[in-house]
Structure formats: C-alpha cells, structure tokens
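Report on one structure; see the data block that follows.
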Amino acid sequence: MARSLRLSPAASPWWRRAVGYEIYLRSFSDSNGDGVGDLPGVRERLDYLSWLGIDTLWLTPFFPSPMHDQGYDVADYRDIDRTYGTLDDFDRLLADAHRLGIRVLVDLIPNHTSIEHRWFRESRSSRDNAYRNYYVWREPEADGGPPNNWVSVFGGPAWTLDDATGEYWLHLFLSEQPDLNWAEPRVAEEFDEILRFWLERGADGFRIDVADALLKHPALPDNPPATGPWRGPPAGIASDWGTLEHLYDVHQPGLLEIHRRWRRLAEPYGALLVGEIGLADPTALTTFVSGQDGLDLCFWFEPMEIEWQPEAIRAALATASTMSHDVAWVQGSHDRPRAATRFGGGELGRARSLALAVLLLGLPGMPFLYQGEELGLEEGVVLPEEAQDPISRRAGEHALGRDGCRTPMPWQPGRGLGFTSAKRAWLPFGGRKDADTVAVQRADPASTLHRYRRLLRVRRELPDAGESRLEWLASPGSIVAYRRGHVLVAANCGEEHETMDLPPGMWILAYDTSGSGGGAAVSPLALQPNTAQILVAA
Ligand code: NOJ
C-alpha cells in the first residue's frame, strides 16, 4: 500500500496552489494493447504530467463495472475493473505519483450503483430482503404507472418496474444506475468504509459524482413544470430533464450533513473533497462549501457553457469569484464539448480557450484541466454509428452524446497515436492531426502545449498567489481584467485590438498567450483579440 508515501497533510490546504488534471481513464493511455486506457498506462505518463506542471490528478472511475455509463455504474467500490488493472496497479501508480509530488483523487459515485452491484442484486431479490431499503422502491400508481413524474437526466422516466417484485426502482440516470437510498443509515455507513478504504490506500481525496442528488424528498412528490431554462444535462443531449423544476429530486435538506460526515472522515488524512454540484447560481453553491464544513471545493460549470463574449465572461467569473477559494474551475470535462470547438475551432478556438485558461488560473480556487486541453484539442470526430456513449446510443440521432470529448489522447503521430498498440481503440481516434500530438507539440516551443506549461510555471511562481484579495478592474471595451495583490490578469475577449490603462506603478510582463514574455509593461496595455497576459508589480 502507498500510505507511507503520503504527502504531508501539514501542507493543508495544499489545494490552494494546486492545479488539477482530469484523466478520462479509458482514453488516456493503454498499456496492454486492448484499446482501452488503464492505470499502468497513466503510470507511464506521469513524467509527462510532472513536466507539464500538474500536481493533482482526478481519475475517472476505475471500479468493476458493466460499463453501461463507462464506469459511472459501479459494481464494487473496493476493487479495480480488470480492464483498468488491479489494486496493485493502483498502489504502484499512487506511489510513483507521490514520488513526483502529484496527488491523486478517486472518483466517488455515491448517488447510484450499477444494477450488478451485490447490494442491488440482493435488494431486487425480494421485498423483504435485508438490502431492500438500500435503494428507492415504490409501488406502482393505481394505473400501474410510475410513482411520480420524475425523469432521468439521460431521458425518459426515472423509474423502472421490477416485474418480479412488482415495484419500481428509482434512477436519476440510466435504469442500470439505481439510486441509493441515503435515508437508510446503513448506506452512509457503507460509504464511510469505502472512503476509508481508499484513504488508507493513500488516495489524496475524492471527486464526488452528483454530490447534490443523494437525498430525495421522502414523500416523492411530483416535480412541477419548469419555469426557466435548465442547463444541467450535457449540451446536445435530448432529455426531458429540463421540462421540470427539480424541487424534490435534488438539493434536499440534509445533504450538507452527509458532506460534513465525509469531511470529518477525510480531514485527518489531509484529503480533498471536490463535489460535482449542478447549480448555475454560485450563491447557492456556497451552501455546500465556504465555512459550512462540508465539501472543500465544488465544480462550477458555467465556464463550460459561456459564449465568447466579454460581458458574459466578466459577469460569470466575477459572480463566482465571490465564492473565494471554494471553486474548482473547469472549461471542459468528459461530459461537455471541448472548449476549443465551442469557441470557434481551429487557431481561433485554441487561442480563446488558452485566454480563458489564463483568466481561470489566476482566480482564487483550484483550476482543473481536462486531458488534451493543454494541446488545444478540438472535439474528436465520432460518426453516429461509432457512438459509445449510452446517451447517444439510446436517444438516437437527436443526441450528440459525449463521445467527441472522449476520443483517445493523441501522444504521437502514426497508428494508434501512441495511445494504444491495438488497431482499434474503444472509441475512434477522432481524426487527430500530427500537430495535435504531444510529441509534435513538445518539440515546438511555440506550441499550445508549451504555452500551457509556461502558464502553469508562472502561476506557481506568482507572488502571494492564492491569498490576496481579488479586485475586478473597470476596463474599457472587451478587456476582462482583475488584480490580486501584486498580480494583474487581463484578457481581450472581443474582436478588436484594445488598450487599458494600468494601475500606477511598474508592471512586468510575466506571461503572454502569444508566446512573448518578460520585460516592463507599458501603460496603456495593448491586447490583441483573443489574447491574455499576466503582469506582476515590480
Ligand atoms: C456525472 C459524470 O461526470 C457523468 O459522466 C455521469 O454520466 C453522471 N455523473 C452519472 O454518474
């Protein structure tokens, strides 16, 4: 076990200066030639991640699973799916990561299990089974229909009838992902043990899936029709989720108590809890973090949705930055179209995504890159008949699904992209060009990869970063700018060349997305469209 290699909890909260990196395990690096990424594959790439300047990894689920939702349907929380390796592989990965000063977060999935989990098999076997109450079972309505009008995030009703026992089970996602019943105390106890299991092995914390849906209203009332737009489910997914106001199925009172319970458990290990909370309103997010003794951080998804438009970007970042250090900033993930594509594709999309990264990386909170973002990757090409995401497979041609952001990481030009020695991977390679690959970009100091690497280095070296008060600067036109102590960050999010007066004093250019850097900055600061700079007071 890797416990003895644990990095010192005394440095807590270590995440104040950390930069996270999401590894979509299936598509990161395949060590055994079966076309699917695995834990030894990640281990082989640790040097790259360390070179890039990453210090925290979030590994997407590696547990045994029938993979109806690519591992977000867990059949056993205390083991590794053989596709991904073994517990020994996990220990070795952790030990090597820790040696390089890299921490590792495990993806915890407490809202639902797989239908193949032992608890569900038991629960389903009879109405009086000891595990029956681990899940949410209800009698059909008088007409035989489901107990209420709730819908699944992935489309269709949130209930499936079990013919054998004559009751419906609840699932906010696929029917193969039955929701656990967190009103049942034994479920909370089971999860205490699961958290302890990974913390004792040396894990440095958890990314917590759907951390806001665990509890449901005990009376399971119908949800009323939606009154406003809902942006919960990933873009492009045909879903009825947005037709209802989610008053009774998510964000129920008592959630914070569960998060606090986990915090008490994780704190002695110096472990980080980052929750996935599907709230668009940052003020509402603070009920789960900031001074609540609940989660340490929560992801905030707005930057994965915003248009490339200065007012929208300024407003979005400024509101969420009132949450101080509690935000985990992301502009991409395995659930959303890649930022470079959303922002216009090609050079333009890449430049915009990098400029947004500069803005996010200077803010209080912890930024996470999604694998391949550092290469400026666009969506991979996946034809409808090649789709693997259960969402698009089920919803048919109307749903784009999430495969485009999940295609294999391009490590080097040529067959298999250095991702796999197999002819085919679990998803198509996505139409990557040589210039997209790590090898080609690593050899070119002007590449997007080198620009990200320099950005991460500059962030690490910023004076008083992480502690100073944030002040948004009134800037003309399309420049979005803020100051934190000795640091000033500015991005031109418009179409025209812009200038901005610098606050009094001497400023040094520490970072420029266009590649140049160093030397005194002169006021007014001039910024080309889609570029960003970091200045430091001399
Ligand atoms: C959020 C995960 O990121 C997503 O991939 C998954 O499908 C759902 N939660 C359900 O677990």
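Hydrogens, waters and symmetry mates play no part in the numbers below; they use all other heavy atoms, side chains included. We count ligands from 1, going down the list as the structure has it; atoms in each ligand are counted the same way.
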TODO: Return yes when atom CD of Glu307 has more than 12 non-hydrogen atoms of other residues, nucleotides or ligands closer than 6.0 Å, and no otherwise.
DONE: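 No, the 6.0 Å shell around CD holds no more than 12 heavy atoms from other groups.
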Which part of [X] is near ligand 1, with near meaning a heavy atom under 4.0 Å away: side chain, backbone, both or neither?
X      : value
Arg336 : neither
Phe154 : side chain
His334 : side chain
Val210 : side chain

TODO: Verify the ring-centre separation between Phe368 and Phe299: is it less than 6.0 angstrom?
DONE: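 For Phe299 and Phe368, the ring centres are under 6.0 Å apart.
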Open item on the list: Between Phe206 and Trp58, is the ring centroid distance below 6.0 Å?
Closed with: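 No: the rings miss the under 6.0 Å criterion.
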Task: Ile54 side, atom CD1; Leu49 side, atom CG - distance, nearest 0.5 Å - done: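 So the gap between those two atoms works out to 6.5 Å.
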TODO: First locate atom CG of Leu256, then atom CG of Asp293, and finally report the distance between them rounded to the nearest 0.5 Å.
DONE: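 Here the rounded value is 8.0 Å.
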For [atom], grab the closest protein heavy atom and report residue, atom and distance to one decimal in Å.
atom                    : result
atom 8 (C) of ligand 1  : Phe173 CE2, 3.8 Å
atom 3 (O) of ligand 1  : Asp335 OD2, 2.5 Å
atom 11 (O) of ligand 1 : Asp209 OD2, 2.8 Å
atom 6 (C) of ligand 1  : Asp69 OD2, 3.3 Å

- [ ] Please tell me if the side chains of Pro303 and Val330 come closer than 4.5 Å, counting only heavy atoms from C-beta onward.
- [x]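 The answer is no; the side chains never approach within 4.5 Å.
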Open item on the list: Using heavy atoms and a 4.0 Å limit, tell me yes or no: is Gln70 in contact with ligand 1?
Closed with: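 It does not; every heavy atom stays at 4.0 Å or beyond.
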- [ ] Using non-hydrogen atoms of the residue, decide whether Arg207 is closer than 4.0 angstrom to ligand 1.
- [x]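 Judged by the 4.0 Å heavy-atom criterion, Arg207 does count as contacting ligand 1.
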Task: Charged N-O contact under 4.0 Å between Arg78 and Asp76 - done: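 Salt bridge flag = no for Asp76 with Arg78.
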Enumerated ligand 1 atoms positioned under 4.0 Å from heavy atoms of [X]:
X      : result
His112 : 10 (C), 11 (O)
Glu276 : 1 (C), 3 (O), 9 (N)
Arg406 : 5 (O)
Arg402 : 4 (C), 5 (O), 6 (C), 7 (O)

Task: Backbone of Gln292 reached by a side-chain donor or acceptor of Arg260 within 3.5 Å - done: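 Yes, Arg260 side chain to Gln292 backbone: donor-acceptor pair under 3.5 Å.
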- [ ] Measure from the side-chain N and O atoms of Arg459 to the backbone N and O of Arg17, and report whether any donor-acceptor pair falls under 3.5 Å.
- [x]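 It does hold such a pair.
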